[in-house]
Protein chains: 2
Amino acid sequence: MSKNTTKENIFNQALRMFNEQGIEYVGMREIAKELDIRVGNITYYFPTKDDIVAAIVTELADANNTILEAGDDLSMSTFLQMYSETSSNQYKYRCLFVSFVYLMEHNPKVKEVYIPNQEKRYKTIRKNLKLLMQNGYMDASLNDRTLDFLVSSISLMSRFWLSEGRLRFNDAGKRTLFKHYLELFALHLHPYATKQGRRDIDRFIDDL
Amino acid sequence: MSKNTTKENIFNQALRMFNEQGIEYVGMREIAKELDIRVGNITYYFPTKDDIVAAIVTELADANNTILEAGDDLSMSTFLQMYSETSSNQYKYRCLFVSFVYLMEHNPKVKEVYIPNQEKRYKTIRKNLKLLMQNGYMDASLNDRTLDFLVSSISLMSRFWLSEGRLRFNDAGKRTLFKHYLELFALHLHPYATKQGRRDIDRFIDDL
DNA sequence: TAAAAATTAGGACAATGTCCAAAAATACTA
DNA sequence: TAGTATTTTTGGACATTGTCCTAATTTTTA
């Protein structure tokens with residue numbers, strides 16, 4: 001097991017503190033203090049605080065890219081499972097989602113990494129829902145407008161469930177948050193699912 | 001028409017700038033500059049920036065309190081109309097919602113005003129949904145779990161639609177945002193509404 | 001072992017929110 | 001109306017923030 005480099009130490013310590021206290025409320029000097037190094041040493045690896053945040057965003061993007069794309073035989077279970085994994089990644093880098101709007105508007109480096117993913121995300125959700133229709137998990141009579149509604153609604157939820165969770169459950173653990181918000185997500189699909197789809201949804205919720 | 005007091009000028013100017021640029025990115029010196037007064041003059045009326053924000057929260061709370069409570073004869077139209085009015089107030093003080101989590105966790109004065117309203121809000125939504133059931137607008141067979149789902153889901157959406165809107169539509173006007181997010185809200189109820197309820201929902205959406 | 005490169009330290013800088021004492025303007029009172 | 005008290009406004013000080021830069025130190029390379 002190799003010793004961590006200074007850069008890794010800074011990244012990990014920053015992520016830990018950002019997740020706990022919020023990005024805006026962790027100072028460079030505090031991070032340095034925890035690691036018993038000087039601030040100038042941090043700025044050597046990360047010239048600005050935004051660079052640390054950008055590194056976090058990049059790691060999240062990479063993590064999400066390792067989640068395999070849906071095949072043509074996508075089932076409701078797989079779809080839910082994929083959502084669950086994405087949520088897991090979001091939780092790991094949750095500091096990003098608690099200050100979402102703020103980050104996007106004032107951190108160009110974050111914007112650069114995240115924006116391209118965003119459009120892709122809409123399309124992926126839409127494509128997956130269509131696959132679920134084709135494969136008999138979602139109601140085949142869903143029109144485009146309802147599909148758009150579901151995509152919008154899912155996007156909104158998946159962006160802000162962590163913020164909501166922070167407000168509502170304070171600093172509850174991952175388990176509590178997952179139980180609540182994955183159920184919320186799954187129930188969202190319920191009215192538009194076929195009998196087969198609903199069976200998968202119910203099983204997914206039971207397993208939470 | 002009486003001349004505005006200094007305090008009112010400060011409040012209005014701050015709200016305007018907060019809404020446009022975000023609370024965290026408007027400095028006391030900038031507000032002072034716009035009004036051609038000195039910073040010390042602001043702190044005379046609002047000792048800290050948090051006090052300005054708290055004043056904004058209070059005004060929002062007051063505005064929402066003027067929206068009449070639902071009577072026992074609540075209809076789907078009225079329910080949607082009430083939601084629309086609340087959303088209008090949120091838009092007026094939208095700076096608060098773009099930095100929601102941040103505010104709640106680090107501004108005790110905001111927390112004090114908002115938290116009590118929050119629990120009340122859950123109960124109100126729940127009560128109103130039950131009224132809609134009783135009055136034949138929502139499916140009478142809704143169980144408690146589905147009701148909880150709807151309440152959670154509505155709460156999440158009504159807290160974060162403004163954040164989402166900022167990310168997705170950038171600085172689109174009120175009209176664009178309303179068209180999209182009120183429809184999203186209304187469609188949310190659609191699967192659980194009765195035929196009568198759905199008629200109201202469809203009319204509401206058409207009128208947007 | 002000496003030179004070069006990478007890393008770390010330490011302090012300076014402008015900007016921020018906050019605070020305070022003195023000046024100015026206004027209101028009040030005899 | 002003149003003098004006093006109160007409210008309002010000013011201008012600058014303060015600690016803290018992220019950032020930047022130069023010099024010292026350590027590590028790597030030749």
Side-chain angles (χ1 to χ4, degrees), chain A residues 2-57 95-96 98-99 102-111, chain B residues 2-57 95-96 98-99 102-111:
Chain A
S2 67
K3 198 168 130 287
N4 280 347
T5 67
T6 305
K7 189 170 185 178
E8 286 166 349
N9 286 335
I10 295 170
F11 179 90
N12 292 329
Q13 182 66 32
L15 176 58
R16 200 175 310 127
M17 294 174 80
F18 287 170
N19 277 341
E20 281 167 12
Q21 305 169 44
I23 296 171
E24 304 91 329
Y25 293 93
V26 176
M28 304 296 268
R29 287 162 182 82
E30 298 170 62
I31 300 173
K33 195 170 191 178
E34 288 294 317
L35 294 169
D36 193 29
I37 59 175
R38 258 36 62 187
V39 182
N41 202 357
I42 296 184
T43 65
Y44 175 72
Y45 293 102
F46 301 98
T48 74
K49 196 176 170 181
D50 279 0
D51 286 301
I52 308 183
V53 178
I56 297 177
V57 174
C95 59
L96 299 176
V98 172
S99 322
Y102 152 85
L103 276 174
M104 287 302 233
E105 293 195 340
H106 291 95
N107 189 328
K109 290 157 189 162
V110 167
K111 209 167 179 173
Chain B
S2 68
K3 201 167 130 284
N4 280 347
T5 66
T6 305
K7 191 171 184 179
E8 287 166 347
N9 286 335
I10 295 170
F11 179 91
N12 292 330
Q13 182 66 33
L15 177 59
R16 200 173 312 128
M17 294 174 80
F18 287 169
N19 277 342
E20 281 167 13
Q21 306 171 42
I23 295 172
E24 304 92 328
Y25 295 92
V26 176
M28 304 296 268
R29 287 164 182 81
E30 298 171 62
I31 301 173
K33 194 168 192 178
E34 287 296 316
L35 294 168
D36 193 29
I37 59 176
R38 259 35 63 187
V39 182
N41 200 359
I42 296 184
T43 66
Y44 175 72
Y45 293 103
F46 301 98
T48 74
K49 196 176 169 180
D50 278 359
D51 286 299
I52 308 182
V53 178
I56 296 177
V57 174
C95 59
L96 299 175
V98 172
S99 323
Y102 152 85
L103 275 174
M104 286 301 234
E105 294 194 340
H106 292 96
N107 189 328
K109 290 157 190 163
V110 167
K111 208 168 181 173

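Residue numbers begin at 1 in each chain, while the letters A, B, ... track the order of the sequences. Please read all numbers here as calculations on a predicted model, not as lab measurements.
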A.B. asks: In this structure, how many angstroms lie between the P atom of dT19(D) and the CG atom of D51(A), rounded?
C.D. replies: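 D51(A) atom CG is separated from dT19(D) atom P by 8 Å.
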A.B. asks: Please list residues of residues 36-48 of chain A whose heavy atoms come under 4.0 Å from any atom in DNA chain C, ordered by number; otherwise none.
C.D. replies: I37(A), R38(A), G40(A), N41(A), Y44(A), Y45(A)
A.B. asks: What pairs with F11(A) under ring-ring contact (aromatic ring centres under 6.0 Å, His included), at least two apart in sequence or on another chain?
C.D. replies: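 In terms of ring-ring contact (aromatic ring centres under 6.0 Å, His included), with neighbours along the sequence ignored, F11(A) is linked to no residue.
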A.B. asks: Show which side-chain atoms of residues 38-45 of chain A pair as donor or acceptor with protein atoms under 3.5 Å away, not counting sequence neighbours.
C.D. replies:
residue: R38(A); atom: NH2; partner: D36(A); partner atom: O; Å: 3.4
residue: T43(A); atom: OG1; partner: G40(A); partner atom: O; Å: 3.0

A.B. asks: Looking at DNA chain D, which of residues 14-24 of chain A put a heavy atom within less than 4.0 Å of it?
C.D. replies: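 Correct list: empty, so none.
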A.B. asks: Hey, which sits more toward the 5' end of DNA chain D by its nearest nucleotide, T6(B) or G27(A)?
C.D. replies: T6(B)
A.B. asks: Look only at the side chain of N107(A) and the backbone of L103(A), and say whether a donor-acceptor pair between them is shorter than 3.5 Å.
C.D. replies: no
A.B. asks: Within this structure, what is the NZ-to-C1' distance between K49(B) and dC19(C), rounded to whole angstrom?
C.D. replies: 17 Å
A.B. asks: Rounding to a whole Å, what distance do you find between R29(A):CZ and dT19(D):P?
C.D. replies: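 After rounding, the reported distance stands at 10 Å.
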A.B. asks: Could you check how far NZ of K33(A) sits from P of dG10(C), rounded to whole Å?
C.D. replies: 15 Å
A.B. asks: Filter on salt bridge (charged side-chain N to carboxylate O under 4.0 Å, His left out), then keep only pairs touching residues 40-55 of chain A, sequence neighbours left out; what's left?
C.D. replies: D51(A)-K109(A)
A.B. asks: What is the distance, rounded to the nearest whole Å, between atom NE2 of H106(B) and atom C1' of dT16(D)?
C.D. replies: 15 Å
A.B. asks: Rounded at 0.5 Å granularity, tell me how far CG in L15(B) sits from CD1 in I23(B).
C.D. replies: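 Answer for the CG-CD1 pair, L15(B) versus I23(B), is 9.0 Å.
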A.B. asks: According to the salt bridge (charged side-chain N to carboxylate O under 4.0 Å, His left out) rule, which pairs have a member within residues 18-33 of chain A, sequence neighbours left out?
C.D. replies: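 Matches after skipping sequence neighbours: none remain.
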A.B. asks: Using whole Å, what does the distance between atom C1' of nucleotide dG10(C) and atom CE of M28(A) come to?
C.D. replies: 15 Å
A.B. asks: When rounded to the nearest 0.5 angstrom, what distance separates CD1 in I56(A) from CG in N12(A)?
C.D. replies: 9.5 Å
A.B. asks: What closest approach, in Å, do A14(A) and I52(A) show between heavy atoms, and which atom pair accounts for it?
C.D. replies: CB-CG2, 3.7 Å
